[in-house]
Amino acid sequence: MSFENPSRDQIGDILAAAGNIAVVGLSDKTDRTSYMVAGAMQSRGYRIIPVNPSVDGEILGEKCYHTLAEIPEPVDIVNVFRRSEYCAAVAQEAADIGARVLWLQQGIISQEAADIAAAHDMIAIMDRCIKVEEAITMKGRSRG
């Protein structure tokens with residue numbers, strides 16, 4: 001069966017209910033797409049939890065973790081800025097921490113990651129920018 005993203009209404013519901021978003025591959029460089037997208041989501045009230053094995057300290061004023069397993073609190077969405085070949089491993093890590101949603105950014109597609117998500121009752125979203133979807137689906141809606 002071929003993969004299909006949730007509908008726009010479903011994506012809006014996911015974003016409305018989300019609080020903590022772990023961003024895997026979040027760069028500490030301000031000119032990178034991951035930094036700009038995560039910063040925009042943070043400014044909209046989402047809690048951004050940076051995950052990057054090569055960054056010690058903070059990104060966007062939040063403690064950066066080297067792996068998803070190190071995060072000491074629940075994660076609603078795992079937003080991934082990694083190449084497709086790394087996404088299956090990230091999907092398994094997301095499943096292991098009980099995340100509800102695996103979100104692969106625009107341009108990233110991994111059927112294997114989607115299959116892992118499905119096997120663990122996670123919602124998978126692929127090849128979509130979370131910032132763009134948030135702007136479209138949350139216009140006039142409140143979160144929480």
Side-chain angles (χ1 to χ4, degrees), residues 1-60 62-138 141 143-144:
M1 187 162 88
S2 66
F3 176 82
E4 200 170 304
N5 278 317
S7 70
R8 276 263 158 80
D9 285 342
Q10 290 168 317
I11 288 173
D13 292 344
I14 290 165
L15 290 167
N20 291 343
I21 301 175
V23 183
V24 176
L26 177 52
S27 177
D28 57 352
K29 295 173 178 61
T30 59
D31 63 336
R32 294 287 175 89
T33 303
S34 63
Y35 188 95
M36 291 184 269
V37 167
M41 295 300 288
Q42 188 180 57
S43 74
R44 294 280 294 137
Y46 297 90
R47 167 90 189 288
I48 298 300
I49 304 171
V51 180
N52 187 324
S54 62
V55 175
D56 294 315
E58 294 185 350
I59 302 174
L60 292 168
E62 292 282 350
K63 177 178 171 37
C64 186
Y65 296 93
H66 293 155
T67 67
L68 288 171
E70 293 176 14
I71 299 171
E73 57 197 286
V75 172
D76 299 310
I77 298 174
V78 174
N79 184 217
V80 184
F81 283 89
R82 299 282 325 268
R83 292 197 322 248
S84 300
E85 60 263 31
Y86 300 111
C87 289
V90 175
Q92 187 58 58
E93 281 187 58
D96 291 346
I97 67 164
R100 296 184 313 111
V101 179
L102 177 71
W103 192 307
L104 307 186
Q105 273 297 128
Q106 190 168 345
I108 306 171
I109 298 170
S110 170
Q111 185 61 52
E112 187 179 1
D115 291 344
I116 291 167
H120 292 88
D121 294 323
M122 278 190 301
I123 298 166
I125 300 169
M126 296 194 293
D127 194 23
R128 296 276 177 93
C129 177
I130 196 168
K131 176 181 171 260
V132 170
E133 294 299 317
E134 200 275 343
I136 292 168
T137 62
M138 295 301 292
R141 283 178 82 165
R143 289 190 29 246

Task: Contacts of type side-chain contact (heavy atoms from CB on, under 4.5 Å), residue E93, not counting sequence neighbours - done: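 Expected list: T67, L68.
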- [ ] For A40, enumerate each residue passing the side-chain contact (heavy atoms from CB on, under 4.5 Å) test, keeping only those at least two apart in sequence or located in another chain.
- [x] K131
What pairs with [X] under side-chain hydrogen bond (donor to acceptor under 3.5 Å, both in side chains), at least two apart in sequence or on another chain?
X	value
S43	none
Q42	none
E70	none

Task: Any residue meeting salt bridge (charged side-chain N to carboxylate O under 4.0 Å, His left out) with R83, in chain and number order, not counting sequence neighbours - done: E85
Open item on the list: Suppose the criterion is side chain to side chain donor-acceptor pair (under 3.5 Å): which pairs have a residue in residues 19-30, not counting sequence neighbours?
Closed with: N20-E73
Distance-only criterion, 3.5 Å: show the donor-acceptor pairs between side-chain atoms of residues 96-109 and protein atoms not counting sequence neighbours.
{"unit_1": "D96", "atom_1": "OD1", "unit_2": "Q92", "atom_2": "NE2", "d": "2.9"}
{"unit_1": "W103", "atom_1": "NE1", "unit_2": "R128", "atom_2": "O", "d": "2.7"}
{"unit_1": "Q105", "atom_1": "OE1", "unit_2": "N79", "atom_2": "ND2", "d": "2.9"}
{"unit_1": "Q105", "atom_1": "OE1", "unit_2": "I130", "atom_2": "N", "d": "3.2"}

Can you give me every donor-acceptor pair (side chain of residues 51-60, partner residue at least two apart or in another chain, under 3.5 Å) with its distance?
{"unit_1": "N52", "atom_1": "OD1", "unit_2": "S54", "atom_2": "N", "d": "2.9"}
{"unit_1": "N52", "atom_1": "OD1", "unit_2": "S54", "atom_2": "OG", "d": "2.8"}
{"unit_1": "N52", "atom_1": "ND2", "unit_2": "L26", "atom_2": "O", "d": "3.0"}
{"unit_1": "D56", "atom_1": "OD1", "unit_2": "H66", "atom_2": "NE2", "d": "2.7"}

For [X] and [Y], work out which heavy atoms get closest and say how close.
X	Y	result
V78	V75	CG2-CG1, 3.9 Å
C87	S110	CB-CB, 3.8 Å
P72	Y65	CD-OH, 3.3 Å

- [ ] Enter the distance from I125:CD1 to N5:CG here, rounded to the nearest 0.5 Å.
- [x]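 I125 atom CD1 to N5 atom CG measures 6.5 Å (nearest 0.5 Å).
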